[in-house]
2 protein chains.
Amino acid sequence: MDEILFALLKKGAHVGYIRISTSQIAEICGMSQQNASRRIIELEKGEILKRVGKDIKVTDLGFGMVKEEYLELKKIFEIKKMQLKGKIIEGAGQGKYYMSLEHYKKNIEKNFGFVPYPGTLNVKIRKEDIGKRERILTKDLIIIKGFATKNRSFGELFCYPARINKINCVIVFPLRTHHEKDVIEIVAKENLRKKLKGKIIIEVD
Amino acid sequence: MDEILFALLKKGAHVGYIRISTSQIAEICGMSQQNASRRIIELEKGEILKRVGKDIKVTDLGFGMVKEEYLELKKIFEIKKMQLKGKIIEGAGQGKYYMSLEHYKKNIEKNFGFVPYPGTLNVKIRKEDIGKRERILTKDLIIIKGFATKNRSFGELFCYPARINKINCVIVFPLRTHHEKDVIEIVAKENLRKKLKGKIIIEVD
DNA sequence: ATTACTAAGATTCGAGTAC
DNA sequence: TGTACTCGAATCTTAGTAA
């Protein structure tokens, strides 16, 4: 997709005019100001964008075009229910820290209806299911926003409702921290580590 | 997004190898066979695609790249019900002026079933919800067209039905005037400023 | 500060064609 | 049938600069 259009949509230029200079757009898209200017003129000619003074917006036509592409992508990514198998491993303890923070506890409760047990269960996914882990990210999700204290900031949490050995749970992907590609972090109401043993089956709709 | 990659994903080349010729790809993408061939070689070099004999698939890297773009688009198109927290601040008085104009009063009533109190409530959104403010703009909305007198013209109003501390209200985004990025303007039947105190919770579906 | 023109350089493309 | 090379043309991008 056109990178300028994409950048403008991220800024919310599909609903109202936003004020942004060609240099700023160039910066975001990693191109020269001159090129950004030229391409915006092109997009304007094609009625993808509209400018009024220093303000710019994406037209309905432009929005519709991106939406079409989005719907195609959605078809590709919205795969049906899946199962991942694996086993419990020891975590680094960072999940426990996160789940002890009031912000995350509160938001998990608000969105999923339970106060999370202060700890996360780390499940190492078997080799053949590693690809599926990536695809979880394309499912319906709830994003818990990050927050900041004066000392540090905490990132977004991507949350996916799921079941682990038939128990309702939430798969959490902390956005900032980098995880092993074969490990999934689970949050639930109860202490899963005590309750679960041996083979683990995670189901995502 | 790369159109060849897109075409291959549509064919399911992320699930397993598919058999497709460069001419077929060229046909789908509206380009020459030679160009399709060259670009596939490039994608292969970048480990976006992998070929074995006449079969081709999209690698995890390639799939991941598209997935990232998809997730960005998903944020733009499909953010569900949300809550924004903040507190009441003093407005510039311009909202009051707008809401005293017959045109806007009439159209608010027509679309939302109440005559607005002649004034708007300005809510300063807490830091971590500022991103959500942008995303309100992607929700279903009613646009009240602008109008002009011989002296001046009045811009469009983007209106989003919402609730403020459980009271039905309308979030209004005046298009022309530029607002602080952390302030939301609210219109309701009653004088909200008198009724509400302390912490404010705005809900948008 | 901006935006956007021109000219030149860089990249991408399609036609012809070999294998 | 296929794929993929060369090469000239078309397109896109950047630098310099005017307004």
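Quantities reported herein were computed from a predicted structural model and do not represent experimental measurements.
If you measure from atom CD of Glu27(B) to atom P of dG2(D), you get 12 Å, rounded to the nearest angstrom. Spacing between atom CD1 of Ile41(B) and atom C1' of dC13(C) amounts to 14 Å, rounded to whole angstrom units. What separates CG of Asn35(B) from C1' of dC7(D) is a distance of 14 Å, to the nearest Å. The CE-P distance, from Met31(B) to dT11(D), rounds to 15 Å in whole Å. Atom C1' of nucleotide dC12(D) and atom CG of Leu43(A) are separated by 14 Å, given to the nearest angstrom. Taking atom CD on Gln33(A) and atom P on dT2(C), their separation rounds to 9 Å, with Å as the unit. Computed from coordinates, the Asp2(B) CG to dT12(C) P distance equals 11 Å when rounded to whole Å. The interatomic distance linking Ile20(A) (CD1) with dA1(C) (C1') rounds to 16 Å, in whole Å.
Legend: side chain to side chain donor-acceptor pair (under 3.5 Å) pairs involving residues 54-64 of chain B, not counting sequence neighbours, sorted by first then second residue: Arg19(B)-Asp55(B).
Remark: Lys189(B) NZ is loosely packed, at most 12 non-hydrogen atoms of other residues, nucleotides or ligands lying under 6.0 Å away.
Between the side chains of Thr120(A) and Glu185(A), at least one donor N or O lies within less than 3.5 Å of an accepting N or O. Checked by atom type, the side-chain pair Gln34(B)/Ser37(B) shows no donor-acceptor distance below 3.5 Å.
Among the heavy atoms of the strands lying under 4.0 Å from Ser37(B) is at least one base atom, whether or not backbone atoms are also near. Residue contacts shown for Arg51(B) are limited to sugar-phosphate atoms, with no base heavy atom under 4.0 Å away.
On a pure distance criterion of 3.5 Å, a polar donor-acceptor pair joins the side chain of Gln34(B) and the base of dG16(C).
Nearest nucleotide to the Ser32(B) side chain, out of dG14(C), dT3(D), dT14(D): dG14(C).
A sub-4.0 Å separation between OP1 or OP2 of dT14(D) and a side-chain N or O of Arg38(A) is absent.
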